[in-house]
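Single-structure report; data block below.
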Amino acid sequence: MATNRARVKSVEESIRDTEEPDHQLKKNLSALDLTVFGVGVIIGTGIFVLTGEVAKTDSGPAVAISFVIAGIVCGLAALCYAEFASTVPVAGSAYTFSYATMGELVAWIIGWDLVLELALGAATVAVGWSGYLNQLLGDLGIPLPTSIAGEEANFNIPAMFIVAVMTAVLILGIKLSSRVTSVIVAIKVAIVLMVIGVGIFYVKAANYTPFIPPAQPSETGSGLTAPLIQTLFGFAPSTFGVGGILAGAAIVFFAFIGFDIVATAAEETNDPKRDLPRGIIGSLVICTVLYVAVSLVVVGMQEYTELSTSAPLADAFRSVGLPFFSGLISVGALAGLTSVVMILMLGQSRVLFAMSRDHLLPPTLGAVHPKYGTPYKITIITGIVVAVLAGLIPLSTLAELVNIGTLFAFVLVSYAVIRLRKTRPDLHRSFRVPLVPLLPWLSILASLYLMLNLPGETWLRFGIWMVLGVVVYFLYGRRNSRFSVKGAAERKAAGQQAGGER
């Protein structure tokens, strides 16, 4: 049973909830489907943009090491997600894991926090999709007006269009979503492999020297625009050198965001105890290898000081006389962003679905479509919110909120693994994080370090968002949650029994 005082929902209760007829999702996903989802959401603009930006301004040719470090940090968190997802195979990811270990308030906070990563992330990526589409149309001689397309648009029609299409795909079923993702992922992975396979013949060894350029002082701003680690400890990150590699890792880390979304599909997986760890870890390993290979090829094709910070892959191919490939790379970027939008919205709808099933949001919103087996009401609401954000609001200043929201989730999930090992050692764990509590603590410290590298203004916005979430919880969530309803029913029954005895 759940503990009402702490409002901790037991693992057994969470699993029982998945069997409710009105809130039962169809199980259609395999380990391959989950891996494709993971690759689909991880490979986005990061591989097409961040490689050049970080090589030119932070790491030099050693950007490949930055990718390796970021991949290791994500790998530590991925191990924690894999243990939890296989032990508690329930929709909701970090929200559900927190409910089972730290109670309702923390679960609500992480659910509220995931809106930053998922809904805001999907809107931001949809705006990027609009920009790439207009760039591609411009290459064909038919650009759209910048007032309705691209990052400066007043009313971003292509961004709203792609959100609407992906919403429809998500409603029509998780298997269809998986098939659509498979096609898109095949396209963009093929283009990434093409970049590696063709580009390797144009690599010049001289471009790798010096592999780690000498360290230089970094210009990082002041006050709220400076990294929090600089404001708190006076530690100013450097460019190039070892410090530049670490600073670069903090940036390219965000190219890995998304593997955790695989855990939100736990309830729709045929064999979650086996397939979820494979999907989470497999997608992360594949993407890390591709990122490292692409970064080595790009800095080998063009000297790092000359790399483009907006379209490094396309520009590198132009620099060696292969302009045709730059168009293909734009197609790959467009395909990449399409799947990212869909899978971020998938993750958001599953988190909100889990919260509505627990009555922290209105329970009617969590109804499952009788034919398609998807939470269609929540999906439609998610689609509307993301479309409005993408179509009307400039998101460039809010993009870093996506990053801090994700890292905060990593911290809580890593801690939750340690806590559940102590409180429920009896649970069967088909996948276990090795070296507990060492590896989870390393994951926590690494995530906190990356959070400290974000600007103070990002922390301020994050704090305001969290305070707003706590207010909403006490105004609605706490009063209407299953714990409150159950407690009221128990008190009423006890009162009736006492009255009968008198």
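Values reported hereafter were calculated over all heavy atoms of this structure, with side chains retained and with hydrogens, waters and symmetry mates removed. The shown structure was predicted, so the numbers you read here are calculated from the model rather than taken from an experiment.
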Sorted by first residue and then second, give each salt bridge (charged side-chain N to carboxylate O under 4.0 Å, His left out) pair with at least one member in residues 63-87; sequence neighbours left out. Glu83-Arg421, Glu83-Arg429
Is there a donor-acceptor contact under 3.5 Å from the side chain of Ser339 to the main chain of Gly40? yes
Are Trp112 and Tyr95 close enough that some pair of their side-chain heavy atoms sits under 4.5 Å apart? no
Can you confirm whether Leu246 sits close enough to Tyr449 that some side-chain heavy atom of one is under 4.5 Å from a side-chain heavy atom of the other? yes
Is it true that a side-chain atom of Thr458 and a backbone atom of Leu454 form a donor plus acceptor pair closer than 3.5 Å? no
Nearest 0.5 Å, please: how far is CD1 in Ile281 from CG in Leu34? 12.5 Å
Is the Phe317-Phe324 ring centre distance short of 6.0 angstrom? no
Can you name the salt bridge (Lys or Arg N to Asp or Glu O under 4.0 Å) partners of Arg432, sequence neighbours left out? none
Does atom CG of Leu448 have more than 12 heavy-atom neighbours from other groups under 6.0 Å away? yes
Polar side-chain atom of Ser443 near backbone of Leu439 as donor-acceptor pair, under 3.5 Å: no
Test item: Lys273 side-chain N/O and Ser430 main-chain N/O as donor-acceptor pair under 3.5 Å: no
Which donor-acceptor pairs under 3.5 Å do the side chains of residues 61-74 make with protein atoms, sequence neighbours left out?
from	atom 1	to	atom 2	distance (Å)
Ser66	OG	Ser59	OG	2.8
Ser66	OG	Ile245	O	2.9

Starting from the C-alpha separation in whole Å, work towards a yes-or-no answer on side chain to side chain contact (heavy atoms under 4.5 Å, CB included) for Asp315 and Leu307. CA-CA 7 Å; Asp315 195 63; Leu307 284 171; over 6 Å; no
Is there a side-chain contact between Thr379 and Met345 in this structure, where contact means two heavy atoms from C-beta onward sitting under 4.5 Å apart? no
If you define the side chain from C-beta out and look only at heavy atoms, does anything of Trp441 sit under 4.5 Å from Val436? no
What's the verdict on side chain to side chain donor-acceptor pair (under 3.5 Å) for Lys188 and Thr338, showing C-alpha distance, side-chain angles and the deciding distance? CA-CA 10 Å; Lys188 64 181 177 183; Thr338 302; over 6 Å; no
Indicate the atoms forming the closest heavy-atom contact of Ala126 with Ile162, along with that distance. CB-CG2, 4.1 Å
Can you run down the salt bridge (charged side-chain N to carboxylate O under 4.0 Å, His left out) pairs that involve residues 337-354, sequence neighbours left out, and say none if there aren't any? Glu268-Arg350
Aromatic ring centroids of Phe240 and Tyr304 under 6.0 Å? yes
Residues Thr96, Tyr99; criterion side chain to side chain contact (heavy atoms under 4.5 Å, CB included); working and verdict: CA-CA 5 Å; Thr96 300; Tyr99 215 153; 5.6 Å; no
Using the six-membered ring wherever Trp is involved, compare the ring planes of Trp459 and Phe462 and label them parallel, tilted or perpendicular (cut-offs 30° and 60°). perpendicular
Within a strict 4.5 Å, meaning less than it, do heavy atoms of the Val433 and Pro440 side chains meet? yes
Report the distance from atom CE of Met451 to atom OG1 of Thr406, rounding to the nearest 0.5 Å. 10.0 Å
Donor-acceptor pair, Ser295 side chain versus Thr51 backbone, under 3.5 Å? no
Please check: side-chain N/O of Asp58 versus main-chain N/O of Ala247, any donor-acceptor pairing under 3.5 Å? no
Run the side chain to side chain donor-acceptor pair (under 3.5 Å) test on Ser30 and Asn270 for me, step by step, so that the C-alpha distance in whole Å, both residues' side-chain angles and the decisive distance to 0.1 Å come before the verdict. CA-CA 6 Å; Ser30 65; Asn270 292 321; 5.8 Å; no
Going by heavy atoms in the side chains, are Ile171 and Thr167 under 4.5 Å from each other? yes
Distance in Å, Thr382 OG1 paired with Leu346 CG, rounded so as to fall on 0.5 Å steps: 10.0 Å
Using the salt bridge (charged side-chain N to carboxylate O under 4.0 Å, His left out) rule, collect all pairs that involve residues 110-121, keeping only residues at least two apart or in two chains. none
Is the shortest heavy-atom distance from the side chain of Tyr415 to the side chain of Thr101 under 4.5 Å? no
Mind checking salt bridge (Lys or Arg N to Asp or Glu O under 4.0 Å) for Asp275 and listing every partner two or more places apart, or none if nothing turns up? none
Looking at every non-hydrogen atom in both residues, tell me the closest pair between Leu276 and Val262 and how far apart they are. CD2-O, 3.8 Å
How long is the span from the NZ atom in Lys56 to the CD atom in Gln302, to the nearest 0.5 Å? 8.5 Å
Value rounded to 0.5 Å, distance of CG in Leu120 from CD in Gln348: 10.0 Å
Should Tyr208 and Val203 count as side-chain neighbours, where that means a heavy-atom distance under 4.5 Å? yes
Please work out whether the ring planes of Phe97 and Phe84 are parallel, tilted or perpendicular, with thresholds of 30° and 60°. parallel
Rounded to the nearest 0.5 Å, how far does OG1 of Thr124 lie from CH2 of Trp129? 16.0 Å
